[in-house]
Structure formats: C-alpha cells, structure tokens
Amino acid sequence: MAKTAAKKPVRSSVRPRRPEPALLFGDRWEYDPAPETADPRLQARYELFINGRFVAPRTGRYFDSLNPANERKLAEIALAGEADVDAAYAAAQRAFPAWSRLPGAERGKYLFRIARLLQDRAREFAVAETMDNGKPIRETRDFDLPMAAAHFFYHAGWADKLEHLAPGRKVAPLGVVGQVIPWNFPLLMLAWKLAPALAAGNTVVLKPAETTSITCLKLATILQDAGLPPGVVNFVTGAGETGARVVAHPAAAKVAFTGSTEVGKAILRSLAGTEKKLTLELGGKAANIILEDAPLDQAVEGIVNGIFFNQGHVCCAGSRLLVQEPVAEAVLAKLRRRIATLRVGDPMDKNTDVGAINSRAQLRRIAALVESGVREGAELYQPACALPAKGYYFRPSVFSGVTMSHRIAREEIFGPVLSVLTFRTVDEAIEKANNTAYGLSAGVWTDKGSRILRMAAELKAGVVWANTYNKFDPASPFGGYKESGFGREGGRHGLLDYVRAV
Ligand code: NDP
C-alpha cells in the first residue's frame, strides 16, 4: 500500500498569544471628581464683532448657545442678517488697503501678539470651549488651545517671508476673504482660517458654527487687546442662512469653508461662474489599517485615539478600521478591553476621556446610523458605562462583522462609532481603503517601512499617518481628495491658497 505523506501542520505567521489579564475593576474603582475650576469669563450676551467693535445685530435677534454636557443655557448670541453681513464686508474692504500694504514684519507682530495673548488666557479659553462644545477639558487644554496658538505663531513667522512662498514669482493678497467654520474644533478651525489669511495680507469676514460661537467672540477681545486695526477681522454669528450670505457676498475675493460635504457641494454650485477662489475642507471616512506585523498594543492606542478623540467629531477620524485577518480577533479583544476603561461623562472633569456630543441633532444622527448598522446585521459592542442623566452622550461603539456595503462603512457618522472590517492582502487593504467617496486621511500600522511607503503612495488620502494617528502640525498641509474637498490648510501650501501671483 502506498504510503500517504503525513500532512504538515499549517504554520501561522502569528505566534499564539497568552490570554492577557484584564485590568478591569468595573464599578469597584471610583475616581474622585476632578473638576476644572478656572473661570471661563462668559458674558450673558455676545454681540457681533464688526470694524473692531462689538455691535448689536441690525436684526435685533439673538439665539441661545447651550452647554451640551447639561443642556443649560450659556449665553445669547447675536443673529446676523443681510445688513450685518454687508456691514462686516464693508469694514473688511475699508481695512484691506492699509493692512495689505503693511510691511510683512509688522503684520507678523500682530499675529505674534495674538498667539501670546491666547497663551496667556489659555485656561480660560479651554474652559469656555469645553462648556460650549462638550469636548473634554483634557483635550481643549492640551490640544485645541496649544494648537490654535501654534497656528498663529507659525503664520506670524511667514508674514515677512512671503517672497519665498512661490520662488521666482511675486505674490499678493486676494482681498476680503469670507470664511465659514464648523463646531467640532471651534477655536482651532478659527485659527486655521484666520492666521494664514492675515499673514498673507487679506482681511476677513468669518462665521463660526451656530452652536459654538463663544470662543470666536472671546478671541475678538484678544484681537482688540492686540491692537489689530479695525475691520481687518469681522465675526458674524448665526445659522446656515448667515453662512450662505457670507459665502455669496459679492465683495468676497475668496471663500474658505470647512464643514459637511453636502453644504460644500451647495457652495461649489453657488460659486460656479464667479471669479471667487474657493477652498473646501469637507467630510471623511478614513481607513485606519492594521497589518499583522503591527505593534498591536500601540495600534490599539492609535485606534482609540483615531476614533474616540473629540467624541469622533473629527473629519479625519479613523472611523473604518481595516484589520488583517490573522490578527483581527486579537485586535478586537484588546480594543474591547481598552474601550471598557474609557471614562465617558462630564467634559469638565479632568479624568474624562469622552465628553458630550455637541448637539441633540448630532446625537440623533449618530443614533440613527448606529441603528442602521444593527439593522443591517453588524455586531455592536458598547461598554456598560453609566451616562449622565442630562446632556447629550453616546457610548463608545465598535461594530464588527462590517462589510463595504453597510451604511456604517460608507457614511460619515461623526461620532464615537468605529466600523471594523477585515482584509487578507495589502492590495485588498488598499482597495478597500480607497473604495470611498472621501479622501481626507488614512492610517497604516506595520513593522515594515517599505510597506508604509508603498501604501502611503497608493492610498488616496490627503494625509497618511504611519504608526500613529491624529498628529497635526501647523507646518504640515492638511486637506482632501475627492468629496473631502480641495485646497490645503497649514504649511506653505495652505498659504498659497490665500495669495495670487502678480
Ligand atoms: P455643516 O456643513 O452643516 O456646517 C458647517 C458650517 O457651515 C457651519 O458654520 C454652518 O452654520 C454653515 N452652513 C450651514 N449651511 C450653510 C450654507 N448653506 N452656506 C454656508 N454655510 C452654511 O457641517 P457641520 O457643522 O455639521 O460640521 C460637521 C461636518 O464638517 C462633518 O461632515 C465633518 O466631516 C466636516 N468637517 C470637515 C473638516 C475638514 O477639515 N475637512 C473639519 C471639521 C468638520 P451653522 O452651524 O450655523 O448651521
């Protein structure tokens, strides 16, 4: 009888792992409250900031800004109508000739002053931002405020070096720039918009998001203290209608918008055929890719940072996790254990990791998309953490068993919800990562530099992070492909979007 060759056992490239002890104490481990107590110095009412002064809106109307952590009213904000937007543009037009002719070193001094004053009042601003937005104080204190100041410092340094922006070509500012920003990083988005526009010699009319106007109007007091000439920066507050007026105003030489893809598309249509320059920073659905040779514990930290930072209200959030099959189970197990340690609740507590969702409307949108994930058959994991009775909160959520056809794999959720998909080969990972209407960011976790270089080149995303996630620097350009928009913010490229060649 012919001997059959003994079957060789199939070797997995992944060594079996010892079960890891879980350091979970459930409800038996209680933290004492650690509330931040600095005074945010809020006013009961905020007016418009036009021509260097706070002025009542000609509409005579105000709207409330709420604290999403407890639904209490924080302040009344002026509602700008057509006449107010006109007045803001008129002030910016008047200020433009002198501001644009100022030597760059002089403009730079104002930006340095703004940066330093912001640093001086950083804690006060961090508390105000946390109250208005719902994000943890840990983040406003350690990320939003230092980064906002860094943007002013960085662009202050450029103001007298504009001849090096486009070597061999002379550049000039555009004129008055109309800017509209969202609610997820209110002060930081403001800094991203203002600093390059001013460094390049433009003047500005800006509208913050309806639910987060307070730090913008507080910054107006810093602009006053810095002695910025009247009209160089004007803030008009209000809802989408006010934003549409800012964008459509005939005096705008350029429009810079950050927000949803839907509104971005409407703006693009409305500006077609005009001479206005346009940059759009829109939504995203980033793939965070974990290869089997990745350092898994670090990767899990990167995954958590990628999707739960700022409650997942991040355009470049790593909301689609792509894990290579051999390590998928191990990664999911580690991830669940890690998520169970996240502290969800009062954003003003220094121990809080995940704060409040910015508005009831956003909470509803997140809940609806999560329901769709469950309906479509994905498996939902949420830790059993207690949520505050008042305020808008959502548990950190991880969906496994997700396929590319699920809504939760295609649509931006803009909340603390992760969709986990698996892949076998690098080619499959790249194909899945690029199979989206968006193209803002991506992450790659692997031990091999050559793979990083190949994947970074093939991933259609404006930013690709390797073995890290959500790292920002004012010197580094940020922006999207496809439906994530066009134009860049930060670095030399960001400044180029605020000048014209002469
Ligand atoms: P929206 O697009 O609804 O709002 C963004 C800003 O535009 C707000 O100030 C809003 O005013 C204003 N606005 C609303 N309608 C109009 C209009 N017709 N014309 C002009 N302005 C208008 O987005 P969200 O505020 O809901 O922000 C979340 C979205 O923004 C997400 O999709 C996210 O991905 C994206 N985003 C992208 C970033 C990027 O850098 N690529 C960064 C941050 C967010 P109001 O709030 O008063 O309604």
Side-chain angles (χ1 to χ4, degrees), residues 63-66 77-80 85 132-133 135 144 147 151 178-193 205-214 216 235-249 252 255-271 276 278-286 309-319 357-366 369 411-415 436-441 461-463 470 472 476-490 494 497:
F63 59 92
D64 291 347
S65 197
L66 300 185
I77 314 284
L79 177 68
V85 174
D132 205 20
N133 172 279
K135 61 174 74 191
D144 297 64
M147 281 301 287
H151 269 268
Q179 304 179 322
V180 177
I181 56 172
W183 45 262
N184 57 343
F185 292 94
L187 186 72
L188 186 56
M189 289 298 114
L190 185 65
W192 279 30
K193 292 276 181 287
V205 175
L206 180 143
K207 189 198 88 71
E210 181 184 7
T211 55
T212 54
S213 307
I214 290 179
C216 172
F235 296 137
V236 284
T237 42
E241 216 173 293
T242 311
R245 290 205 167 100
V246 168
V247 166
H249 202 281
V255 169
F257 172 80
T258 298
S260 61
T261 294
E262 191 192 345
V263 175
K265 283 182 182 175
I267 292 175
L268 188 56
R269 278 193 295 270
S270 75
L271 263 53
K276 290 178 191 173
L278 176 64
T279 47
L280 295 174
E281 297 280 1
L282 309 176
K285 190 77 189 173
F309 174 60
N310 199 26
Q311 295 72 243
H313 303 324
V314 185
C315 46
C316 52
S319 53
I357 303 299
N358 179 248
S359 64
R360 187 181 292 283
Q362 185 61 20
L363 184 62
R364 286 207 186 109
R365 264 198 291 274
I366 296 168
L369 274 160
E411 292 181 30
E412 185 179 45
I413 301 176
F414 223 57
T436 165
Y438 297 107
L440 196 54
S441 59
V463 181
N470 273 342
F472 300 93
S476 170
F478 182 89
Y481 284 98
K482 302 193 276 185
E483 293 198 8
S484 291
F486 49 79
R488 293 293 178 262
E489 291 190 305
D497 281 328

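When a residue number appears, it is its place in the shown sequence, counting from 1. For ligands, and for the atoms within them, numbers begin at 1 and follow the listed sequence.
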Note to self: Using every non-hydrogen atom in the two residues, find where Asp144 and Leu188 come nearest and quote the distance to one decimal.
What the structure shows: O-CD1, 4.1 Å
With heavy atoms only and a cut-off of under 4.0 Å, state how [X] meets ligand 1: side chain, backbone, both or neither.
{"X": "Phe414", "answer": "side chain"}
{"X": "Pro208", "answer": "backbone"}
{"X": "Val246", "answer": "neither"}

Hey, which atoms in ligand 1 end up nearer than 4.0 Å to a heavy atom of [X]?
{"X": "Phe257", "answer": "2 (O), 5 (C), 6 (C), 7 (O)"}
{"X": "Gly243", "answer": "19 (N), 20 (C), 21 (N)"}
{"X": "Glu210", "answer": "45 (P), 46 (O), 47 (O)"}
{"X": "Glu412", "answer": "31 (C), 32 (O), 33 (C), 34 (O)"}

Check: Between Trp192 and Phe185, is the ring centre distance below 6.0 Å?
Finding: no
Backbone or side chain, does any N or O of [X] fall under 3.5 Å from an N or O of ligand 1?
{"X": "Thr258", "result": "no"}
{"X": "Val180", "result": "no"}
{"X": "Arg365", "result": "no"}
{"X": "Thr211", "result": "no"}
{"X": "Gly259", "result": "yes"}
{"X": "Ile267", "result": "no"}

Next item on the list: Would you please test Glu281 and Arg488 for salt bridge (charged side-chain N to carboxylate O under 4.0 Å, His left out) and show each step?
Entry: CA-CA 8 Å; Glu281 297 280 1; Arg488 293 293 178 262; 5.9 Å; no
Checklist line | Any Phe478 heavy atom less than 4.0 Å to ligand 1 | finding: yes
Margin query: Less than 4.0 Å is my threshold; does some heavy atom of Gly238 fall inside it relative to ligand 1?
Written below: yes
Item checked: Check: Thr258/Lys193 side-chain N/O donor and acceptor closer than 3.5 Å ->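 Their side chains do contain a donor-acceptor pair, which is all the 3.5 Å distance test asks for.
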Notebook entry, point to check: Are a donor atom and an acceptor atom from the side chains of Thr212 and Asn358 found within less than 3.5 Å of each other?
Noted result: no
Give the residue, atom name and distance (to 0.1 Å) of the protein heavy atom nearest [atom].
{"atom": "atom 16 (C) of ligand 1", "result": "Val263 CG1, 3.4 Å"}
{"atom": "atom 3 (O) of ligand 1", "result": "Ser260 OG, 3.8 Å"}
{"atom": "atom 11 (O) of ligand 1", "result": "Lys207 NZ, 3.0 Å"}
{"atom": "atom 39 (C) of ligand 1", "result": "Cys315 SG, 3.0 Å"}
{"atom": "atom 13 (N) of ligand 1", "result": "Gly240 CA, 3.8 Å"}
{"atom": "atom 43 (C) of ligand 1", "result": "Asn184 ND2, 3.0 Å"}

